[in-house]
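Presented below is the structure to which this report refers.
Values below: every heavy atom of this structure, side chains too, minus hydrogens, waters and symmetry copies. Counting begins at 1 with the first residue of the sequence.
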Amino acid sequence: MVDAVVGVLLDKLLALLVREGQQLLEFDSQFDKLKDELGYMQGYIKEADRMRRKEGRHILKLVTRDLRELVYDAEDVIADCYIEFMKQHDGYLLNIVSCCSPRLLKFRLKISKRLKKINQRIEAIQERMKSYLSAAPSTITSREKESTTLLRYPILLEEADIVGLEDDASKVEKWILESQEPSTIIGIVGMGGIGKTTLARKICNRNWIKNSFKHMISVTVSQNCELEDLLKSMLIKMNVDEKSLRKKEVVELLEKLKEELGDEKYLVVLDDVWGNERSWWDSLKSALPRNLGCCVIITTRNENVARTMGAIEKHIHRPKILSDDDSWSLFSKIAFAWNGGKYPNSDVASLGKEIVARCKGLPLAIRVVGGMMLGKGDSVSEWRRILEHLKEALAEEKTGELVMSSLELSYEELPTYLKPCFLCFSMLPEDYVIHVDNIVCWWIGEGFVSETNGRTTFETGKEYLVELCNRCLLIGEPDVFERNIESVRIHDLVRDMAIKIARDVNFTILDERGTQELSAESRRVSIIDNGVIKNVERTGARNSKTESKLRTLWGVGVHMEKEVILNKNLELRKLKRLRVLTATFPYRKNQEQIIMKDWLYGITSLLNLVSLSLEHCMVEQLPDSIGNLHNLQFFDLGGFDNLKMLPSTITKLDKLIFFRIIGCPSLTCMPEEIGRLSKLERLDWRPYANRSQKIASRIGQLKNLGQLNVLRVEIENQNYLQELILNVLSELKHLLRVEISFYAYRYEGDASVSKLNHLLWPLQCLEELTLTSYPGESTPVWLSPTSLPNLKILCIDHGNRLRYMSPKFWEGNWKIEGLCLINLYELEEEWIMFLRAMPSLRMVRVRNCPRLKSFPLYVTQDDAIWRKEDDNTPGGH
């Protein structure tokens, strides 16, 4: 298969050469030759993609390996030119020819030599390719045109996976509900891809199961289980504050879990347990009270694991493969989502059923093949082509190997632009859940995503992610209203396939077990929760003359004592090609400030950096030189407990589109002139602190951020509120999502609260609004269908005094589809009033609203979820 990165970066490089050609050609004529040669090479890549299953794949692999390095080097040359331009002209790419300083002349000579060598390498590669490929095509086939079209179908959530599981679910539910034993252990056992996790989730989502247990906890165990991490995950699922768990030892965590469970009934799901259960199960079991009716469900591929953990024969369920009818039903839901799940014609149906037969009833194989066919529409020729490929790929496969072959074919059928995005998941650990914002920032930083059809890079990146979910290569975790994907994870078998391909195309350097190696040739490295990295000492060594090629360094949960991210040999100043840097450290002591301060200064030399995310650095200030990072588009700071202020130079980051500050309690003010960040689209300013009036005086500058569409802020006092509301929100015409927290609001009596009622101007475009800790007894008058005519999502959280909605709230019909009411202990409204005022209401989440009248579900500390399709309320929908 053709290298995923080559196709994407080659297209990007050509677009850059065309767009900025005038300035670059004035700099050196070699750029003109580079553009022409790469354009010719692009035609060969298109041709190569069509011969991926024919003879010559080994030669093609060698050629694309050379081409990959060439494309990287060419992009580095252009990046170096732009950095030099910024240095010489204070950010303006103008009149480079008139600058004839000795330093610049030397730089130009060096660039010219590098370009000449690159062009010579291109010629050598072309000679090799001509021996194995026909001439570059003059036109692009219809298939290639289709491959550039995003799949914009409804997000396929877990509903698509429940086909054929009804009897299985009923069987296990009966074991659960009829058990009178203390802590019954149930095992769900079967091969990878058979549907174990899906079955467990289906059971836990049953209302009668939810109503039977006070606590329901589902956690993924995975191969490298650490008891400390497992306990923290379980406690967080029980709404225990994460910060309170940071310093606790394992013994304390066990005691805390036992305390939280108490004498109540609980259901615990331990998903994807492997063969190392003895190292943690005995300890965990000691913290699970042996209360009557409680239950633990274990999903595992190894039946001995379930038995070792206490599951007896009568409580072991072995899911079977799907029947022909259920297989076709599942496949149709996915492959024909564009047509309401119905096949378009009999020819496609005949081919489709033959394709499904090749999947031998394995749910995961059916899903990924169905996702692969989703973009093929009603083209009989395309369906026939895929069937022939499946026959070739699956002809001799054993059932256990069938899923991997179908996965690899599904990857081959991905459009070029999705392949490198997907391969990033090879670097994440098993069962790792990553937030949509984080993975999209990574993709953009690497250059895998570009603006398309008037959409920003961030919007395009989110569409890429949705498409990978639609193709069933990723599992999307929806937001609270199941409207959008909030985070994603990857099935362990799909991850195995991603690792295999990533190693094959040298996307990242991995050994046979998926362990990453950090060497001078590494382009990408991730270190998550102290994962093992080989050969750290060989990279970035102080006396090394080899320039590091590292582009992405992704470190989460890395302890200082491991000396990986902060290793003295991994000197940041040596990583001049770095585009993406994520570093999240566990809670640490103040005496480590000095090494972190030096490390942060090293970051400011990374002039190619596009995405920077840092968490839990114990420093009081950031270096002023942070303003040198002119390529930075994503800047994320969290958990800087000692950070007192941000340098004013941050406002020089004129490409910044995403700026997030969370959990920095010592931070006293926004940077001056923040309004200069004119390209900012998303601002999340929640330091969680007692702040000075400087914030109120500066926040008015946000009205200059005309591109802002997502804003999350805190409100402290009346002056701050007036500045924010009158001078900011009323000026921001493109706002789609707003979250306002009144957490630190100083209540000054009814007169002060009444002023809140008249400050917010109508926001015509706003679609989502969240109000947290609103201090009034009634909602503000601006919270009405007239002021917010396009609002679709409304969340009101922790209003301790809120008793009723204002009369304006009920005047007219809302377009609200999702409503969330949380911890509103005094709210006394009638449920039927919400139904009548919100005819489009689709889903409601209610928690701890004991005085909400006539709500059809029992409201506890867990969410009570109302859905329109389940409603039988008189006078309702």
Side-chain angles (χ1 to χ4, degrees), residues 712-726 728-730 735 737-764 766-841 844-855 859 864 866 875-876:
R712 298 184 179 98
V713 289
E714 291 177 318
I715 304 300
E716 181 177 2
N717 56 44
Q718 180 187 340
N719 292 333
Y720 174 67
L721 179 64
Q722 286 178 331
E723 192 74 36
L724 172 68
I725 300 300
L726 290 179
V728 178
L729 294 188
S730 61
L735 276 178
R737 296 175 57 191
V738 172
E739 295 184 20
I740 304 176
S741 171
F742 301 84
Y743 179 76
Y745 188 88
R746 296 172 184 173
Y747 177 62
E748 299 174 6
D750 291 336
S752 174
V753 172
S754 68
K755 294 179 182 179
L756 304 179
N757 284 329
H758 305 284
L759 292 178
L760 185 63
W761 289 71
L763 294 173
Q764 299 294 319
L766 197 67
E767 295 183 356
E768 299 184 26
L769 174 65
T770 298
L771 301 177
T772 302
S773 299
Y774 184 76
E777 290 189 3
S778 69
T779 55
V781 296
W782 47 260
L783 189 56
S784 71
T786 304
S787 298
L788 304 170
N790 290 300
L791 196 68
K792 292 183 174 63
I793 298 293
L794 174 62
C795 296
I796 305 178
D797 190 354
H798 284 83
N800 293 331
R801 301 179 71 244
L802 190 66
R803 294 179 57 194
Y804 53 88
M805 322 306 278
S806 76
K808 292 287 185 182
F809 188 90
W810 308 114
E811 293 182 3
N813 284 336
W814 288 96
K815 292 184 179 179
I816 289 176
E817 299 173 3
L819 176 66
C820 192
L821 305 172
I822 297 179
N823 296 336
L824 307 179
Y825 293 96
E826 303 298 323
L827 185 66
E828 297 181 354
E829 292 288 0
E830 289 276 356
W831 163 242
I832 195 70
M833 294 287 287
F834 289 99
L835 290 179
R836 291 172 178 170
M838 301 175 180
S840 301
L841 197 61
V844 178
R845 289 179 176 265
V846 177
R847 184 195 308 161
N848 289 336
C849 299
R851 298 189 180 185
L852 179 63
K853 300 173 184 176
S854 305
F855 190 66
V859 180
W866 173 92

For the pair L788 and L794, evaluate side chain to side chain contact (heavy atoms under 4.5 Å, CB included) and give the outcome as yes or no after the intermediate values.
CA-CA 11 Å; L788 304 170; L794 174 62; over 6 Å; no
I would like to know whether F834 and W814 meet side chain to side chain contact (heavy atoms under 4.5 Å, CB included); could you show each step before the answer?
CA-CA 10 Å; F834 289 99; W814 288 96; over 6 Å; no
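Partners of L824 under the side chain to side chain contact (heavy atoms under 4.5 Å, CB included) rule, at least two apart in sequence or in another chain, are I796, L802, L821, L827, C849. E768 meets the salt bridge (charged side-chain N to carboxylate O under 4.0 Å, His left out) test with R483, R737; sequence neighbours excluded. Shown here are the side-chain hydrogen bond (donor to acceptor under 3.5 Å, both in side chains) partners of D797, two or more places apart in sequence or in another chain: there are none. With sequence neighbours left out, the side-chain hydrogen bond (donor to acceptor under 3.5 Å, both in side chains) criterion links E739 to R712. Every residue was checked against the salt bridge (charged side-chain N to carboxylate O under 4.0 Å, His left out) condition with K792, not counting sequence neighbours, and none meets it. R851 is linked by a side-chain hydrogen bond (donor to acceptor under 3.5 Å, both in side chains) to E826, E828, counting only residues two or more places apart in sequence or in another chain.
If you take CD1 on I822 and NE2 on H798, they are separated by 8.0 Å, rounding to the nearest 0.5 Å. Taking CZ of R801 as the start and OG of S778 as the end, the distance is 9.5 Å to the nearest 0.5 Å. With rounding to the nearest 0.5 Å, the separation of CZ in F855 from CH2 in W866 is 8.5 Å. Taking CD from E829 and CH2 from W810, the interatomic distance works out to 5.0 Å, rounded to the nearest 0.5 Å.
Residues N823 and N800 come closest through the heavy atom pair O-OD1, 4.4 Å. Contact between K815 and P789 at its shortest, heavy atoms only, is CD-O, 3.3 Å. I816 and M838 get closest at one heavy-atom pair: CD1-CE, 3.7 Å. The heavy-atom pair separating F809 from L783 by the smallest distance is CD1-O, 3.5 Å. Of all heavy-atom pairs spanning S854 and E830, the tightest one is OG-OE1, 3.4 Å. P785 and K808 get closest at one heavy-atom pair: CD-O, 3.6 Å.
The closest side-chain heavy-atom distance from T779 to L771 is not below 4.5 Å. Between Y774 and P780, some side-chain heavy-atom pair lies under the 4.5 Å cut-off.
Heavy-atom neighbours of R845 CZ from other residues, nucleotides or ligands within 6.0 Å: above the threshold of 12.
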